[in-house]
Number of protein chains: 2
Amino acid sequence: MSPRVGLDDARIMQAAASIANETGLQSVTLATLAKQLNVRPPSLYNHVNGLPEIRNKLTLLGLQGLQAVMHEAVSKQKQPESGAIPALAIAYAKYAIEHPGLYEATININAREHSEEIQQKAAELVDLVSNGLRPFLPSADEADLIHAVRGFRSLLHGYTSLILSGGFNMAVDRDESFLYMIRAYMAGIQRQSVL
Amino acid sequence: MSPRVGLDDARIMQAAASIANETGLQSVTLATLAKQLNVRPPSLYNHVNGLPEIRNKLTLLGLQGLQAVMHEAVSKQKQPESGAIPALAIAYAKYAIEHPGLYEATININAREHSEEIQQKAAELVDLVSNGLRPFLPSADEADLIHAVRGFRSLLHGYTSLILSGGFNMAVDRDESFLYMIRAYMAGIQRQSVL
DNA sequence: TAATAAAACTAATGGTATTAGTTTTCTGAA
DNA sequence: TTCAGAAAACTAATACCATTAGTTTTATTA
C-alpha cells in the first residue's frame, strides 16, 4: 500500500508551481498537491513542513525566476545605458504574465517573517532596477534614485497585477499601453532630475 | 435560545468590512463574522447568500468608497484643469491605505461574474480618471488617452498594493516617492502627447 | 389571540490542515 | 546475504471551515 512513489522536495515544489500557475495560488493546497502527486496528504509532511512553508518556497521560486529573466535581459543589452530599463520592464511583465501563480507568490509576502533567502533575492531585484536607472539619472541624489525605483516598480507591479486580475479589457492593445507608460515614466523622471 | 439579535444585511456587511480592514480580507469568514455578531454561522444565511456574495458586496463597498473620495477630490479643486490628477491620486492612495481590506476586495475581482453594479462603479472610476486626464492631453487621440489612463491606474495600484504588502521600507519617505512618481508620470505623458 | 413568517438554532455532511501512530519499503552494516 | 533501523508511505483521528436540512423560538399581523 505504499509503493514509495519517489517523492521529494523538488518534485513537490514543481507540482506546486504548476498548480499555482495554472489554477491560481489559492488552489495550491495539500489536497490538490497530494492528488496530483498520487499520494495522501499526510505523506507530504515527510518532505515539507506544511502549507506555509510551501507558500514561502513558492515566493522564493518566483523571486528567483524574476531575477533570472531580468538579469538575462540586462546582460543581453548592447548599449547598456540606453535600453536597460525597457528591457527590464518587458522581462518583468513577460515573466509575471507567463507565471501568474509564482508572480502572485512574489508579492504576497505576508509582511511578517520572510526568510533570509527571500530578503536577499528581493534586494537583488531592487539593485537590478537601481543599476539600470542610475545612468539615466546622473544628476539625481540617492533619495531621488529611490523615488525613481519605487515608481518604476509601482508601474510594473500595477500593470501586471491589473492584467492578471482581469483588467484592461477595452479594445486597445495592452502591450502598447505598457510601452507607452514606460516611455512616459522614463521621460518624466529624466526631466525631473534635470530640473 | 434565539433572542433575535436584530441582524440584517447592513450590519453584517459593516462587520465584514471592519474585519477585512483590520485583519485582512482572507480572514472574513462566516465563522469570524458570526463570532463578532454573537450568532452561529448558519444564522447568517437568513440574510446573506454565502461567503462569495459577501465578497462581492465588499468589492462593491470598496468601489463605492473609492469613487466617493475621488469624486469629492475633483469637486473640491479650484483650478479644474491643473490639479485634478494629483488630487485624484492622493485621494486614491489615502483611501486604499486607510481601508486595506475593502481596497483589496476592489482589485480581487475574480475575473468571473462581476455584478452589473460592480461593472458600473468600475466604469465610473475609469471615467473620473479619464476626465481628469483629458484636459492635460488636449492633442492626444482616444487610444493615447486610454494608454495614459491605464498607466495612471497602474501607478496608483502598484504603489498602494506594494505599500499594503509591506514594501517600500527603506528610510525614504513614501509620500514623497508617491508625489515624485505622479509628477514624473504626468510630465512624461504630457511630453509624449506633444511629440 | 391565533396563525404565519422570519430569524435564530442544532445536527449533519463534506471539505480543509495537521498530528499521532502504524505499516511497508528501502538501505547499509554485519 | 540478511536483517535492523531509518525513511516514506499509510490510516485514523482532531479541529476548523462552509453549507444544507430540519427544528424551535420569536415577532408580527390578521
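Only this structure's heavy atoms are used, side chains among them; waters, hydrogens and symmetry mates stay out. Keep in mind the model is a prediction, meaning the values are calculated, not measured. Labels below follow one simple rule: chain letters A, B, ... track the order of the sequence lines, proteins then strands, and each chain is numbered from 1.
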Return the nearest nucleotide to the side chain of [X]; candidates are [options].
{"X": "R40(A)", "options": "dC9(C), dT18(C), dC10(D)", "value": "dC10(D)"}
{"X": "H47(B)", "options": "dA7(C), dC9(C), dT11(D)", "value": "dA7(C)"}
{"X": "Y45(B)", "options": "dT10(C), dA12(D), dA18(D)", "value": "dA18(D)"}

Checklist entry - Distance-only, no hydrogens or angles: does the S193(A) side chain make a donor-acceptor pair with backbone N or O of S139(A) under 3.5 Å? => result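 Not confirmed, S193(A) side chain does not pair with S139(A) backbone.
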Next on the checklist: Using only atom types and a distance under 3.5 Å, with no angle test, would you say the side chain of S154(A) pairs donor to acceptor with the backbone of L155(B)?
Outcome noted: no
Next on the checklist: Does this structure show an ion pair linking K57(A) with E53(A), if we count only N-O contacts that are shorter than 4.0 Å?
Outcome noted: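 Answer for the salt bridge query: yes.
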Item to check | Side-chain N,O (R4(A)) to OP1/OP2 (dT24(C)) below 4.0 Å | outcome: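 The answer is no; no side-chain N or O of R4(A) sits under 4.0 Å from OP1 or OP2.
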Checklist entry - Would you say S43(B) reaches dC9(C)'s phosphate, i.e. side-chain N/O to OP1/OP2 under 4.0 Å? => result yes
Checklist entry - Y185(B) vs F152(B) aromatic rings, parallel, tilted or perpendicular, using cut-offs 30° and 60°? => result parallel
Checklist entry - Taking the six-membered ring for Trp, are Y159(B) and F168(B) parallel (under 30°), tilted (30 to 60°) or perpendicular (over 60°)? => result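 Correct class here is tilted.
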Next on the checklist: Can you say whether a donor on the side chain of N46(A) sits under 3.5 Å from an acceptor on the base of dA9(D), or the other way round?
Outcome noted: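 Flag set: donor-acceptor pair detected.
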Item to check | Any residue of residues 28-36 of chain B with a heavy atom less than 4.0 Å from an atom of DNA chain D | outcome: T29(B), L30(B), A31(B)
